[in-house]
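Single-structure report; data block below.
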Protein chains: 2
Amino acid sequence: MNKKQLIVKLSGALNLSKADAERTFDTITNTILDALKADDSVKIAGFGTYKVAKRKARVGRNPRTGEQIQIAASQKVKFLPAKALKEVFNR
Amino acid sequence: MNKKQLIVKLSGALNLSKADAERTFDTITNTILDALKADDSVKIAGFGTYKVAKRKARVGRNPRTGEQIQIAASQKVKFLPAKALKEVFNR
DNA sequence: AATTGGGTATGCAGATTTTGCATATAGAAA
DNA sequence: TTTCTATATGCAAAATCTGCATACCCAATT
């Protein structure tokens, strides 16, 4: 399912126009992102937690040439599914 | 930030009551979960992809006692941040 | 508004799993 | 049309996951 298909579903479920459904959806993702940018985690009970994980610098490799390269430290967004979510998919 | 605080922010940004903001948010998460339950991935451009990862059974270990244990196969929801998301946090 | 029940973070070892590097291309999405 | 994402490759290092106790924080109920 891509974003467009998701918007169509939300439009029906929320009784909104597609444009409004998309605006609503974008507002939510942007709100979550803003919190993450402020170095805050976003914890949603029953769904999961979004947090920014810091990754250390390390040694990598160019798969084409095989040569070793240094990879800088970086940050990435992590999503940790809530317990309730795991249970849904494991029974 | 927890769910309650997120709902308050959304309520303001979307000009909805808190109850409506929460209903809207829950509808979105449920829609995503339904797609995942149907073994579909949910791809949101500019944000990320949710998918269900199958994990094979394997041998683990109880760190307290050191004894080996068999870990059953399981599934978990994975979120892969989109490229745009990584760039926001690495500059 | 306060209590309580429940989910979550933490730390521990060690084997398994994942990550992420460069880059082009194909396919899909906006 | 133009932008975005998955894929595929080898390999070192980082992250994960397991049980479990404790402490903590949040959510819901009274």
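Order of the sequence lines fixes the chain letters, A, B, ..., with proteins taken first and strands second; residue numbering starts at 1 for each chain. Below, each value reflects all heavy atoms present in this structure, side chains not excepted, and no hydrogens, waters or symmetry copies.
The 5' end of DNA chain D is approached more closely, in terms of each residue's nearest nucleotide, by B/Arg55 than by the other of B/Arg55 and B/Gln5. Annotation: of the two residues near DNA chain C, A/Lys51 and B/Ala57, the 5′-most nearest-nucleotide partner is A/Lys51. Each of A/Leu80 and A/Asn62 lies near DNA chain C, and the nucleotide nearest A/Leu80 is the one positioned closer to the 5' end. If A/Lys43 and B/Lys43 are placed on DNA chain D by their nearest nucleotide, the residue sitting closer to the 5' end is B/Lys43.
The aromatic rings of B/Tyr50 and A/Phe79 sit perpendicular, their planes meeting at an angle over 60°, well past the 30° parallel limit.
The side chain of A/Ala82 sits closest to C/dT8 out of C/dT8, C/dT19, D/dA27.
When the side-chain nitrogen and oxygen atoms of A/Arg58 are compared with OP1 and OP2 of C/dC21, none of them lie within a distance under 4.0 Å. OP1 or OP2 of D/dA13 has not a single side-chain nitrogen or oxygen of A/Arg61 nearer than 4.0 Å. Within the structure, a side-chain polar atom (N or O) of A/Asn2 is placed less than 4.0 Å from OP1 or OP2 of C/dA29. For the OP1/OP2 pair of D/dT3 and a distance below 4.0 Å, the side-chain nitrogens and oxygens of B/Lys83 include no atom meeting the criterion.
Per the geometry, NZ belonging to A/Lys76 stands 11 Å off C1' belonging to D/dA14, to the nearest Å. In this structure, A/Glu22 atom CD and C/dA29 atom P are separated by 15 Å, rounded to whole Å. Per the geometry, OH belonging to B/Tyr50 stands 14 Å off P belonging to D/dT5, to the nearest Å. Atom pair A/Gln70:CD and C/dT19:P shows a separation of 20 Å (rounding to whole Å applied). Nucleotide D/dT5 holds its P atom 11 Å from the NZ atom of A/Lys3, rounded to whole Å. Regarding A/Ile7, its CD1 atom lies at a distance of 9 Å from the P atom of C/dA30, rounded to whole Å. Protein atom CE of B/Met1 is 16 Å distant from nucleotide atom C1' of D/dC25, rounded to whole Å. A straight line from CZ of A/Arg64 to P of C/dA24 spans 7 Å, rounded to a whole angstrom.
Expressed to the nearest 0.5 Å, how far OG1 of B/Thr24 lies from CD1 of B/Ile7 amounts to 8.5 Å. Here the NZ atom belonging to B/Lys78 is positioned 7.5 Å from the NZ atom belonging to B/Lys51, to the nearest 0.5 angstrom.
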| query | After noting the C-alpha distance and the side-chain angles of B/Leu33 and A/Val88, does the key distance pass the side chain to side chain contact (heavy atoms under 4.5 Å, CB included) rule? | reply | CA-CA 9 Å; B/Leu33 286 183; A/Val88 167; 5.9 Å; no
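Within the nucleic acid shown, B/Thr49 comes within 4.0 Å of sugar-phosphate atoms alone, with no base atom in reach, counting heavy atoms only. Among the heavy atoms of the strands, none lies under 4.0 Å from B/Gly66.
One hydrophobic cluster, built from ILVMFWY side chains closer than 4.5 Å, cannot hold both A/Leu80 and B/Phe89; they sit in different ones.
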